[in-house]
2 protein chains.
Amino acid sequence: MSPYDPSAFPPFAVTVDLVVLTVRSHALCTLVVRRGEAPFQGRWALPGGFVRDDEDLGAAAARELAEETGLCAHDPSAPQPVPDNGAHLEQLATYGAPERDPRMRVVSVAHLALAPDLPAPRPGGDAHSARWAPVEELLDQARAAGSDSPDALAFDHAQILSDGVERARSKIEYSSLATAFCPPEFTVGELRRVYEAVWGVSLDPRNFHRKVTGTPGFLVPTGGTTTRQGGRPAQLFRAGGATLLNPPMLRPEV
Amino acid sequence: MSPYDPSAFPPFAVTVDLVVLTVRSHALCTLVVRRGEAPFQGRWALPGGFVRDDEDLGAAAARELAEETGLCAHDPSAPQPVPDNGAHLEQLATYGAPERDPRMRVVSVAHLALAPDLPAPRPGGDAHSARWAPVEELLDQARAAGSDSPDALAFDHAQILSDGVERARSKIEYSSLATAFCPPEFTVGELRRVYEAVWGVSLDPRNFHRKVTGTPGFLVPTGGTTTRQGGRPAQLFRAGGATLLNPPMLRPEV
DNA sequence: TCAAAAGTGTTACGCTTACACCCATGG
DNA sequence: CCATGGGTGTAAGCGTAACACTTTTGA
């Protein structure tokens, strides 16, 4: 390792940016906030902010998440799990191209959060506006119009969003993470519609049902039933302890 | 996003640390260097160093890798691939606990590099010593003796190493990444021994052969053969263009 | 009574596994 | 000639895909 020289290291700002995903009316959506100042004033951006002086990266991400959504994040790497009234939160990747922020050298540690459908983005302590935007829309804009379009996300946030969506899409294949998009109690059909929204495909309801109920520890029946989706009453389940899905859920091609 | 205040952001040092993995005599090994100064003086650590003022994170990692090993890294995310006489390099994760370096606030963007068996760790421009250490040894020490043992890795490097090894172990399941551990031309048996060393298991040579040769685009025969492993001459292959292995290579349990 | 969603049964097919067997070389 | 590793053939078993069919509700 090159010798440290505490007096000569180049100073960086370190931020966290959040890709907060949820499923709303059959579409995968992400939380974006309107920028109130330059650069990229008036453009949409991922929520985020500076890491504080004495704060761990995951803690900063959880704090930002709570500020923006009121969610209490469940951090799998935390010593003891917080009461799980909240979202899944994990580190995604770190972005630090020298010119990604025109004002100064900023390294952003992006995090990925998965949340159940929330009532509405609360305006938050800050006065800026926020909304849930379908990710297809945002990514299509970035591809079609380029990053200079006024509808495109600020900074390199289109890339970060794209990486976050890809992570979520692949991770629900082999883990029980899709349950993070569901309320505490949910039906097999609701869980299936999550997969369908995240992957953008249709799944066979019968085979899906067998797959998830046949995997030990994935789903735990609560005993209750619901008809909130119409049709025959469906059993309610809670997410089981199993976090890995083996063999994985197969994502149909095309 | 909280408003930026360029004059008030908390300053961080940003470094890259490298988990460089290779397979040497049937064991997964990683490159460690001896620390010449406090803290953790005399302890082994992962190679790494400061990110420069105008340098991207991946570029910093590639530079450190070249300094330590002479390898020219192949960065999949680079605009144009560099001539692939070198290793696979990818970002692993970022570590930024407030007290991870006792002297100052340091955020380290860890990278994972996979390299073919190299002649020997060159002493490098720096005068410190370096060696290839079997990862089992290092991780066992961390588990058994704790991080204060004089044989344990410095800082949180045991955690970083553990995460890197886990990434490599899972990624060779569904990608052609294991070929990064092999020389440019290699046999099916050599590739199988890579899987066996990384996973610490035995694989059936016959079924392995069928699996890798039957996956289109994974291996390309060069026409040559070799008997360097003894026995019947084996066909030589180069890594094909396919980067994803579908269906994945199954890792036998225990 | 009908539409809609939840579930169960059944068959065909693909892939993995386990193992028998043959091939080509060096010592 | 025999040990060593390379490579092919084959049958059993598991898991998925596809789809026919029954169940239970609300409108």
Side-chain angles (χ1 to χ4, degrees), chain A residues 25-26 172-174 182 185-197 199 201-238 242 244-254, chain B residues 25-26 172-174 182 185-197 199 201-238 242 244-254:
Chain A
S25 55
H26 285 222
I172 63 174
E173 288 183 11
Y174 57 89
C182 296
E185 296 198 356
F186 54 89
T187 70
V188 171
E190 289 164 351
L191 182 61
R192 176 172 50 79
R193 280 180 278 276
V194 164
Y195 275 92
E196 292 177 332
W199 283 344
V201 298
S202 300
L203 299 174
D204 185 301
R206 290 89 50 125
N207 292 333
F208 183 88
H209 187 279
R210 238 193 309 273
K211 173 76 179 170
V212 295
T213 57
T215 300
F218 186 14
L219 297 184
V220 180
T222 67
T225 61
T226 182
T227 61
R228 61 189 174 214
Q229 300 290 342
R232 167 176 167 181
Q235 275 186 278
L236 284 169
F237 295 88
R238 219 187 298 277
L244 254 51
L245 202 47
N246 195 285
M249 183 83 62
L250 290 183
R251 186 172 167 180
E253 41 219 278
V254 178
Chain B
S25 54
H26 285 221
I172 64 174
E173 288 183 12
Y174 58 90
C182 295
E185 297 197 354
F186 53 90
T187 70
V188 171
E190 288 164 350
L191 182 61
R192 176 173 48 82
R193 279 180 279 275
V194 163
Y195 275 91
E196 292 177 332
W199 283 345
V201 299
S202 302
L203 300 173
D204 185 302
R206 288 87 49 119
N207 293 333
F208 183 88
H209 187 279
R210 237 195 310 274
K211 173 76 178 170
V212 296
T213 56
T215 301
F218 187 14
L219 296 184
V220 179
T222 67
T225 61
T226 183
T227 61
R228 61 189 175 214
Q229 300 289 343
R232 169 176 166 180
Q235 276 188 277
L236 283 169
F237 294 88
R238 220 186 299 275
L244 253 52
L245 201 48
N246 195 282
M249 183 83 61
L250 291 183
R251 186 170 165 181
E253 41 220 274
V254 180

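Residue numbers begin at 1 in each chain, while the letters A, B, ... track the order of the sequences.
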Proximity to the side chain of [X] - top-ranked nucleotide from [options]:
X        : options               : value
B:Asn207 : C:dT8, C:dT17, D:dC19 : C:dT17
A:Asp204 : D:dA18, C:dT8, D:dG6  : D:dA18
B:Leu250 : C:dT17, C:dC15, C:dT8 : C:dT17

Exercise answer: donor-acceptor pairs, residues 215-226 of chain B side-chain atoms, under 3.5 Å, sequence neighbours excluded:
{"unit_1": "B:Thr215", "atom_1": "OG1", "unit_2": "B:Lys211", "atom_2": "O", "d": "2.9"}
{"unit_1": "B:Thr222", "atom_1": "OG1", "unit_2": "B:Gly224", "atom_2": "N", "d": "3.3"}
{"unit_1": "B:Thr222", "atom_1": "OG1", "unit_2": "B:Leu236", "atom_2": "O", "d": "3.4"}
{"unit_1": "B:Thr226", "atom_1": "OG1", "unit_2": "B:Arg228", "atom_2": "N", "d": "3.1"}

Please determine whether a side-chain nitrogen or oxygen atom of A:Lys211 lies at a distance below 4.0 Å from atom OP1 or OP2 of D:dT16. yes
Respond yes when some side-chain nitrogen or oxygen of A:Arg192 is under 4.0 Å from OP1 or OP2 of C:dA6, and no when none is. yes
Name the nucleic acid region contacted by A:Arg228, choosing base, sugar-phosphate or nothing; use a 4.0 angstrom heavy-atom cut-off, strictly under. nothing
Nearest heavy-atom pair of [X] and [Y]: which atoms, and what distance?
X        : Y        : result
B:Glu190 : B:Phe186 : OE1-CA, 3.2 Å
B:Ile172 : B:Tyr195 : O-OH, 3.0 Å
B:Pro252 : B:Ser202 : CG-O, 4.3 Å
B:Val188 : B:Phe208 : O-CE2, 3.6 Å

Rounded to whole angstroms, how far apart are [atom1] on [X] and [atom2] on [N]?
X        : N      : atom1 : atom2 : result
A:Leu219 : C:dG7  : CG    : P     : 11 Å
A:Gln235 : C:dT8  : CD    : P     : 8 Å
B:His209 : C:dC19 : NE2   : C1'   : 17 Å
A:Glu190 : C:dA5  : CD    : C1'   : 12 Å
A:Phe208 : C:dA5  : CZ    : P     : 16 Å
B:Leu236 : D:dG6  : CG    : C1'   : 12 Å
B:Leu203 : D:dG5  : CG    : C1'   : 16 Å
A:Arg210 : D:dA18 : CZ    : P     : 13 Å

Just grab all the salt bridge (Lys or Arg N to Asp or Glu O under 4.0 Å) pairs involving residues 245-254 of chain B, residues at least two apart or on different chains. B:Glu173-B:Arg251
Look at the side chain of B:Glu196 and the backbone N and O of B:His26, then say whether any donor-acceptor pair between them is shorter than 3.5 Å. no
Given protein heavy atoms under 4.0 Å, the one-letter contact record of nucleotides 20-25 of chain D, with B base, S sugar-phosphate only and - none, is simply BB-BBB
